[in-house]
Every structure is written in structure tokens, then in C-alpha cells.
Asker: 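What follows is a structure written as C-alpha cells; I'll ask about it next.
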Amino acid sequence: MIQLIQTFGKFIRLILLTVSLCLLAPPLWSQNVIGEEQNTEDSETQTFQAPVIVDGDTLFHVRGSSALPANERAEGVQNKIIEVAESSDAKKVSITFEDSEFGIRIFADGIQVSIVTDADSELEQMDLNVLGLLHGQAIEQAIENYRANRTEQARVSGAIEALAWTLGFALFVVIILWLHRRIRRRTLKLVKRYLKDVETATAKSVQAEAIAALIRYALNFVLLVIFFLGFYYYLSFVLLAFAETRYFAHLLLTYLTEPVLLIFKGILSYFPNLIMLVLITWITMYIIRGMRVFFDAVEAGSFDLGDFEKHWIGPTFNIARVVVILIALVFAVPYIPGSDSAAFQGLTILVGAMLSLGANSVVSNMLAGLFVIYRRSTSLGDRIQIGDHIGDVVQIKLMETHLKSIKNELISIPNAQLMNSDVVNFSKKTDGNGLLLHTTVGIGYEEPPEKVEAMLIEAAHRTKSIKAKPEPFVLWTALADYAINYQINGYSTRGSIIPKIRSDLHRNIVAVFNENNVQIMTPSYMADPPEPKIPAEEWDGHLAHETHDDADKS
């Protein structure tokens with residue numbers, strides 16, 4: 001209940017703020033210039049024509065003049081009618097007519113109440129005698145109703161009617177409060193029951209409590225609007241039950257009912273456009289569903305599209321779906337309310353300018369993402385190298401590509417960078433031999449080249465992931481100042497573990513050279529040492545700190 005009252009208070013403050021802004025907003029000069037003639041006509045009509053109103057009921061209109069404005073004349077007739085009505089409690093009133101040089105005088109119980117002039121006859125486009133008779137009947141009915149509405153019986157009836165409306169409003173408030181509490185208890189339960197798939201699909205990033213809170217807020221707002229309308233009409237009907245306040249009741253009903261009726265009329269008149277929008281939506285959904293069936297058949301192999309690869313199916317379907325939706329929007333825009341207004345057109349231009357000025361990088365990444373998907377250079381699961389980054393492709397999005405590095409790091413690379421960089425793909429097979437793995441060592445000129453080549457090939461043969469066929473081979477890459485640079489090359493089809501293969505190759509090269517007492521002179525050479533720089537003996541398998549730990553334990 002407290003929450004409902006607080007929300008109602010916020011809603012009232014919002015309404016008051018809006019009304020204040022509307023009242024304080026100065027009229028636009030251009031609008032005054034455009035509507036100058038119409039405003040002049042309305043002002044003249046208000047000056048020379050006014051209604052006679054008694055207890056909220058309009059009896060007739062009277063014509064005014066510059067000497068006696070219409071509103072003053074109408075107020076005088078109203079006061080006379082009320083004066084005659086309050087002067088007696090009789091149920092009937094005597095209405096008489098008298099011709100005069102100014103028109104037909106109307107008397108009620110011998111008191112002159114009004115006079116019907118030729119100007120009034122011209123205003124109503126009616127014969128003077130007929131108009132006088134109609135004014136007399138209206139005055140008679142108004143006086144009789146005025147007296148009837150102020151009898152004890154009428155006041156008791158009005159009090160009973162007001163009490164009935166009060167009881168009905170109390171029941172209405174009880175129902176609103178019951179629904180408010182019901183919403184708080186049932187919303188979360190219903191959301192958890194029917195929206196489990198939303199949590200599963202979003203990996204619980206969209207919690208049921210958040211969805212329930214949004215639904216609860218929307219339902220409470222609807223309840224608040226219903227409560228406000230109910231209170232407004234309750235107040236109007238209570239005021240309508242008493243003759244003294246009936247005029248204000250008519251004002252309240254007029255101020256709210258007319259806008260509500262206009263809204264409902266607008267909704268009813270919008271039904272043809274709404275039907276067209278529903279039809280466009282249904283056709284669009286039907287086309288998208290048909291495309292989904294087609295692409296599912298392509299994925300299952302029912303349709304053969306030649307060189308069309310399977311990993312293109314999802315992106316192609318998404319692109320086709322976006323194109324269909326955009327075409328549907330083009331057809332649907334003319335049927336959207338206010339689409340032909342200058343405000344809607346200006347908003348469309350503003351959004352287009354914002355997108356064109358601020359989305360250059362976004363558009364470039366999106367287009368680059370499409371090229372990455374369709375150019376076949378990179379696929380999911382491939383091990384690639386982009387600059388200094390080496391990793392497996394785990395996801396190709398429209399804006400970026402995700403790599404899982406060899407150190408199990410997630411690397412996000414914008415697709416524009418992927419398009420503008422050299423991509424080395426270790427997983428794509430250009431022929432049946434596989435990747436050519438290589439490394440370089442520098443050996444002094446005093447060592448027989450045949451021996452060095454044989455040792456490097458032996459190291460390659462010891463590396464398990466390097467193929468024996470085709471045979472590894474050695475290239476002389478440079479004749480340096482102090483050494484010959486030998487490059488050992490071997491084929492491997494296991495591109496996903498290249499760092500491990502290269503590490504094993506290096507280990508085997510060192511082992512073979514140590515076994516044959518050959519010193520590796522890279523990366524630099526100063527002078528020939530008295531003894532080769534190779535291990536004097538094999539490692540016993542124990543590290544120094546392990547020996548110390550064992551001694552401490554003993």
C-alpha cells in the first residue's frame with residue numbers, strides 16, 4: 001500500500017509538472033501569426049455569444065453586443081432564473097410571454113427573466129416567436145428542476161447515491177490493493193515457471209528477479225492508472241449527486257472524458273493501420289521461418305550449394321534475416337502513428353546523422369567481420385598468428401574475433417585489425433606434407449658441414465612430431481663472420497602444438513651436438529675456448545635445492 005501511494009504521489013507530481021510547463025510555456029509567434037484570423041473569429045464569437053447554464057445544464061445561447069457583452073447578459077438571465085426558482089417551493093412555474101418593441105419578453109411567476117430579440121433569432125436562424133416559445137420551455141424546465149433538486153427528498157436521494165458511490169469506490173480500492181499484493185506474490189513465481197529458458201539461454205545473466213521486477217513495475221503502473229481514473233470518476237459522480245456541486249461535476253467529466261474518448265477514437269481509427277502492421281509482421285515472420293527451414297536443410301545436406309561451406313550457414317541466415325526485417329520496416333513505417341509528421345522525419349534524420357558520424361569504426365568492423373567469415377582464411381578451431389598473438393580461434397563475431405592463446409588467455413581482436421594484418425594460419429593444409437617447421441644454429445667453420453647436417457637431421461628424426469617422409473633437410477642461410485648458419489627444416493601436420501614441437505627440436509639438437517662434442521656458437525662468438533662448451537657429464541636427476549631439502553629432512 002505504501003509503495004502504491006508513493007508511486008501515485010510521483011505520478012501526481014509528474015502531472016502537475018507537465019501542467020505547469022504547459023501553462024508557463026509562452027505561445028510561439030509563428031503560431032499566433034498563422035492562426036490570427038481564426039483567433040479573431042473565436043474572440044468575436046465569445047464576445048457576442050454566450051450560453052445560459054443552470055446547475056451545469058446549458059439551456060440556450062444568447063446574443064450580446066458591444067454595450068452588453070454576451071457573458072454579462074447570460075449571467076443576468078441565470079441569476080433571474082435562480083432568483084425565481086428560490087422564491088417559491090411550488091412544483092409548477094407559470095411562464096408568460098409579452099411582445100415589446102425590443103422583442104418577446106419572458107416572465108416566470110410574473111418576474112421578467114429574459115427577452116428574446118431579433119439578434120437571437122438571427123443567431124439561431126429561427127422565427128422569433130418559435131425561439132421565444134423554446135426559451136420559455138427551457139426556463140420553465142430549469143426552474144422546476146432547480147426546485148426539485150433542492151427538496152429534502154432530493155438531498156436524501158443524493159446522499160444515498162453518494163454513499164453508494166463511496167461504498168463502490170471502497171470496494172474498488174480493496175480490489176486494487178488485493179491485486180497489488182497478488183502481483184507481488186505471483187509475479188516471481190510465474191516468471192520462474194514460464195521463463196526458465198530465458199535464464200538458460202543467457203547463462204543467468206538475465207535473472208528471473210529482474211524480469212519479475214520489470215513486469216511488476218508495468219502491472220503496478222497499470223493499476224495506478226486504473227486507480228487514478230476510478231478516483232477521478234468517483235469524485236465526479238459524488239459531486240454529480242448534489243445540485244450545488246453538479247456544475248463542477250460536469251466540468252470534471254468533460255475535462256477527462258473528452259480526452260479519453262479522443263484516445264479511444266484514435267485507437268479505433270488506427271485499427272486498419274494496426275491490421276496492416278500485424279499482416280506485415282506475420283508475413284515477415286513466415287518468410288524468416290521459411291529461410292530457417294531452408295538453411296537447416298542445407299546444414300543437414302539435403303541441398304547441395306556447391307562450394308558453400310557449413311560455417312557460412314549461420315552468418316548467412318542472420319544477414320538474410322536482417323535484410324528481410326529492414327525491408328519489412330520500409331513497408332511498415334507509413335503505417336506507424338505519426339510517421340508522416342515533421343517531428344518523426346526530423347528524428348529519423350537525426351538518428352541517421354548520428355549513425356553516420358559516430359559509427360565509422362563500428363561499420364568497418366562489421367564489414368570486416370563479414371569478410372573474415374566468408375573469405376575462408378580463418379575458421380573456428382584454427383591456430384593462427386596475428387602480429388605477436390598466437391592462439392586458437394574460438395569465436396568469430398560480427399565486430400571482433402576471439403582467440404585462446406597458447407597460455408590459455410582470451411584475446412579479443414577487432415575484425416578491422418584482422419583484415420589489415422598478416423594472418424598466419426597453422427591449421428590450414430596447403431598440401432599433403434603439412435607445415436614446414438624450422439630453426440637455425442650457427443656452427444664454426446672448423447666443423448665438417450656434412451657432420452653438422454647429419455647431426456641436425458638426426459635431431460629432427462628424434463623429434464616425434466616431425467614427419468620422416470618427406471625427409472628433413474638442411475639449408476645454409478648465411479656465412480657469418482665466425483660461423484655458418486644452418487637451418488634444419490622438417491614437416492609436421494600437428495600445427496596446434498608448434499611451440500611444443502619446436503621446444504623438442506631444440507632439446508634434441510643440443511643433445512645430439514653434446515654427444516658429438518660440437519659447440520653451438522650462436523648467438524655470439526668471442527674466441528675459441530680451450531675446451532668445448534659442452535656438459536662434462538650427464539645430470540644425475542637431482543637439483544641442488546632438492547639435495548638441501550633431503551639433508552634437512554635427514
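Computed from a prediction, not measured in an experiment: that's the story for all the values here.
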Asker: List the atom of Ala74, the atom of Pro51, and the distance in Å for their closest heavy-atom pair.
Answerer: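 Scanning both residues completely, I find the closest heavy atoms to be CB-O, 3.5 Å.
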Asker: Using 0.5 Å steps for rounding, measure from the CG atom of Leu59 to the OG atom of Ser114.
Answerer: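 Output value for this atom pair is 10.0 Å.
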Asker: State, to 0.1 Å, how close Ala70 and Gln49 come at their nearest heavy-atom pair, and which atoms those are.
Answerer: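 Smallest interatomic distance, heavy atoms only, reads CB-N, 3.2 Å.
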Asker: So do the side chains of Ile106 and His135 get within less than 4.5 Å of each other, counting heavy atoms only?
Answerer: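 A side-chain contact under 4.5 Å exists here.
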Asker: To check you understand the geometry: which heavy-atom pair defines the closest contact between Ala142 and Ile81, and what is its length?
Answerer: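 What the structure gives for the nearest pair is CB-CG2, 4.4 Å.
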Asker: Answer whether the closest heavy-atom distance between the side chains of Val62 and Val52 falls below 4.5 Å.
Answerer: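 They are in contact (side-chain heavy atoms under 4.5 Å apart), so the answer is yes.
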Asker: Within this structure, what is the CD1-NZ distance for the pair Ile390 and Lys407, rounded to the nearest 0.5 Å?
Answerer: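 Interatomic distance, Ile390 CD1 to Lys407 NZ, rounded to 0.5 Å: 10.5 Å.
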Asker: So, do Phe227 and Val173 sit near enough that their side-chain heavy atoms are less than 4.5 Å apart?
Answerer: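 Side-chain contact under 4.5 Å: yes.
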Asker: Which word best sums up how the rings of Phe228 and Tyr232 line up, parallel for under 30°, tilted for 30 to 60°, or perpendicular for over 60°?
Answerer: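 Rings of Phe228 and Tyr232: tilted, 30 to 60°.
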Asker: Under the 3.5 angstrom rule, does the side chain of Thr58 hit a backbone N or O of Phe60 as a donor-acceptor pair?
Answerer: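 Flag not set: sc Thr58 to bb Phe60 has no pair under 3.5 Å.
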Asker: What's the spacing between Ile386 CD1 and Ile413 CD1 if we round to 0.5 Å?
Answerer: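 Spacing of CD1 (Ile386) from CD1 (Ile413) equals 3.5 Å.
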Asker: Please test Arg383 against Asp392 for salt bridge (charged side-chain N to carboxylate O under 4.0 Å, His left out), starting from the C-alpha separation and ending with a verdict.
Answerer: CA-CA 4 Å; Arg383 171 153 292 187; Asp392 299 325; 2.9 Å; yes
Asker: Under 4.5 Å between any side-chain heavy atoms of Ser65 and Arg73, yes or no?
Answerer: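 With C-beta onward as the side chain, the pair stays apart.
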Asker: Stepwise, does the side-chain hydrogen bond (donor to acceptor under 3.5 Å, both in side chains) test hold for Gln141 with Asn145?
Answerer: CA-CA 6 Å; Gln141 187 66 40; Asn145 291 339; 3.1 Å; yes
Asker: Taking it one step at a time, do Gln137 and Leu134 satisfy side chain to side chain contact (heavy atoms under 4.5 Å, CB included)?
Answerer: CA-CA 5 Å; Gln137 293 176 352; Leu134 294 177; 4.0 Å; yes
Asker: Please step through side chain to side chain contact (heavy atoms under 4.5 Å, CB included) for the pair Val84 and Tyr146, ending with a clear verdict.
Answerer: CA-CA 10 Å; Val84 173; Tyr146 187 94; over 6 Å; no
Asker: Can you find a pair of side-chain heavy atoms, one from Asn318 and one from Val322, that are under 4.5 Å apart?
Answerer: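 Asn318 vs Val322: side chains apart.
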Asker: Does a sphere of radius 6.0 Å around CD in Glu122 hold more than 12 heavy atoms from other residues, nucleotides or ligands, not counting ones at 6.0 Å or beyond?
Answerer: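 No.
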Asker: Shortest non-hydrogen contact from Ala320 to Met291?
Answerer: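 Shortest heavy-atom separation between Ala320 and Met291 comes out as CB-SD, 3.8 Å.
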Asker: Does any N or O in the side chain of Ser157 come within less than 3.5 Å of the main-chain N or O of Gln153, such that one atom is a donor and the other an acceptor?
Answerer: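 Such a contact is absent between Ser157 side chain and Gln153 backbone.
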Asker: Mind checking the CG-CG spacing from Leu239 to Leu235? Nearest 0.5 Å is all I need.
Answerer: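 It comes to 4.5 Å.
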Asker: Using side chain to side chain contact (heavy atoms under 4.5 Å, CB included), reason through Glu124 and His61 one step at a time and then give a plain yes or no.
Answerer: CA-CA 9 Å; Glu124 299 287 352; His61 288 76; 4.2 Å; yes
Asker: Is there side-chain contact between Leu229 and Val225, with at least one heavy-atom pair below 4.5 Å?
Answerer: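 Yes, their side chains come closer than 4.5 Å.
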Asker: Just do the side chain to side chain contact (heavy atoms under 4.5 Å, CB included) check on His180 and Asn220 with the steps written out, would you?
Answerer: CA-CA 7 Å; His180 178 68; Asn220 284 333; 3.0 Å; yes
Asker: Taking the six-membered ring for Trp and the full ring for Phe, Tyr or His, determine whether the centres of Trp165 and Phe237 are under 6.0 Å apart.
Answerer: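 When the ring centroids of Trp165 and Phe237 are compared, they turn out to be within the sub-6.0 Å range.
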Asker: Do Gln78 and Ile53 have side chains that approach each other closer than 4.5 Å (heavy atoms only, starting at C-beta)?
Answerer: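 Result yes, sub-4.5 Å side-chain heavy-atom pair found.
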Asker: State, with a plain yes or no, whether a side-chain heavy atom of Tyr234 is found less than 4.5 Å away from one of Phe172.
Answerer: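 Side chain of Tyr234 against side chain of Phe172, heavy atoms only: no contact under 4.5 Å found.
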Asker: Can you tell me how far apart CE (Met126) and CG (Asp120) are? Round to the nearest 0.5 Å.
Answerer: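 Taking CE in Met126 and CG in Asp120, the distance rounds to 11.5 Å.
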Asker: For Ala108 and Val113, work out which heavy atoms get closest and say how close.
Answerer: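 Minimum heavy-atom separation between Ala108 and Val113: CB-CG2, 3.6 Å.
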Asker: Could you tell me the separation between the CD1 atom of Ile143 and the CD atom of Glu83, rounded to the nearest 0.5 Å?
Answerer: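 Going from the CD1 atom of Ile143 to the CD atom of Glu83 covers 10.5 Å.
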Asker: Would you please classify the geometry between the Phe169 ring and the Phe231 ring as parallel, tilted or perpendicular, with 30° and 60° separating the classes?
Answerer: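 Ring orientation of Phe231 relative to Phe169: tilted.
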Asker: Do you know the tightest heavy-atom contact between Lys91 and Glu144?
Answerer: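 Between these two residues, the closest heavy atoms are O-CG, 3.5 Å.
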